[in-house]
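One structure is given here, and the rest of the page talks about it.
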Protein chains: 2
Amino acid sequence: MFSQACKYAIRAVLYLAVHASEGKKAGVKEIAAALDVPKYFLAKILQQLSRNNLISSTKGPSGGFYLSGQNLEATLKEVVECIDGPDVFNSCILGLPVCSSENPCPLHVQAFAYREGLHYQLKHQAIGDLAKRIEREEQKI
Amino acid sequence: MFSQACKYAIRAVLYLAVHASEGKKAGVKEIAAALDVPKYFLAKILQQLSRNNLISSTKGPSGGFYLSGQNLEATLKEVVECIDGPDVFNSCILGLPVCSSENPCPLHVQAFAYREGLHYQLKHQAIGDLAKRIEREEQKI
DNA sequence: TTAATAAAAGATTTTTTTGTCTTTTATTAT
DNA sequence: ATAATAAAAGACAAAAAAATCTTTTATTAA
């Protein structure tokens, strides 16, 4: 479903939502250690998210990454599409160039339901709200 | 979700279910052309399926691939797991080593609910029955 | 204003996946 | 028996994804 980079991206964003803020930024080193993820690879991913204004960062001492108020209102759908491209949620599960409700591949109905449910959640839940649930239910990231 | 090899495998098996039989085998060349898929790569995939008794084959003139009665009773779940490994349907969508209903990752509920739907179909529908529907509804493979 | 810090950027390497080509083995029709 | 056929197997190449290392740039605290 998601590339490795995308999985790291989602987890990093959720980590920032829960553990960081403008007054308490988190560095690559901290995030990579907390998530047990390759540091330099994560750095690249964070840069990409930052360039696309999905996360915020400042350089220098006491610098690092965090989510601004605006960032917290974004959704994971945007994060996912930033890393894995815009077709993640609507490409055919069998890779057929034409596959739609009108012209469905043999797995279309099932695959569509599966992915659309996930898509819906990622699209309609703000990252900030998701973070609250994670804290409330003490979920691992 | 599925690797490229797995997508080819599913499509090839369905092609065989619809277009081939013990009396009318299909060669790699025919299948690759019909599905517009790289020939030599497909050959490798068919070999793997054959070694695992998910498809049948015979060498030599008028040889090729087909599905035996037993093969038609198998499911796409078996095909998928033969190519992509046994964890496709129960590994965490975020790649966390521990993620279950008791100890869910932040996306577990959504991912599980919807993936399980796909899993259920692939697990409980025989390839032969699926092929009948494909013919009935004239679906592209 | 300087040294230390940490992200940004660029270049490179490693690993995995995908795709190709060649040789061998089995089968069958002549 | 033999030639033709087609899968099986093995070796190889290309592309993509994942991971690493180095240099540059911006910031800030002393």
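Proteins come first, then strands; the chains are lettered A, B, ... in the order of their sequence lines, and each starts at number 1.
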Taking the side chain of A:Phe41 as its heavy atoms from C-beta onward, which of D:dA19, D:dA8, C:dA7 lies nearest to it?
D:dA19

If we ignore hydrogens and angles and just use 3.5 Å, is the side chain of B:Gln48 paired with the main-chain N or O of B:Ile45 as donor and acceptor?
no

Could you check which of D:dA9, C:dA8, C:dT20 has an atom nearest any side-chain atom of A:Phe65?
C:dA8

CA sep, side-chain torsions, deciding dist, call: B:Tyr15, B:Glu30, side-chain hydrogen bond (donor to acceptor under 3.5 Å, both in side chains):
CA-CA 10 Å; B:Tyr15 178 88; B:Glu30 171 189 338; 2.6 Å; yes

Among C:dA8, D:dA7, C:dT18, which is the nearest nucleotide to the side chain of A:Lys59?
C:dA8

Is A:Tyr8 near enough to D:dA19 that one of its side-chain N or O atoms lies under 4.0 angstrom from OP1 or OP2?
yes

Would you say A:Gln70 has more than 12 foreign heavy atoms packed within less than 6.0 Å of its CD?
no

How close or far is atom P of D:dA18 from atom CG of A:Asp84, stated in whole angstroms?
8 Å

Have a look at B:Gln4 and say if it touches a base, only the backbone sugar-phosphate, or nothing, with a 4.0 Å heavy-atom cut-off.
sugar-phosphate

Ignoring backbone atoms, establish whether B:Ser62 has a side-chain N or O less than 4.0 Å from OP1 or OP2 of D:dA6.
no

Of the listed nucleotides (C:dC21, C:dT28, D:dA18), which one gets closest to any side-chain atom of B:Pro61?
C:dT28

Here's a test of your reading of the structure: between B:Ser3 and A:Ala43, which maps to the more 5' nucleotide of DNA chain C?
A:Ala43

Using the rule given for side-chain hydrogen bond (donor to acceptor under 3.5 Å, both in side chains), can you reason through B:Ser100 versus B:Asn103, listing the C-alpha separation, both sets of side-chain angles and the distance that settles it, and then say yes or no?
CA-CA 5 Å; B:Ser100 61; B:Asn103 203 339; 5.8 Å; no

Does A:Lys44 get its side chain close enough to the base of C:dA9, under 3.5 Å, for a donor-acceptor pair?
yes

Map A:Lys39 and B:Gly63 onto DNA chain D by nearest heavy atom, then report which one ends up closer to the 5' terminus.
B:Gly63

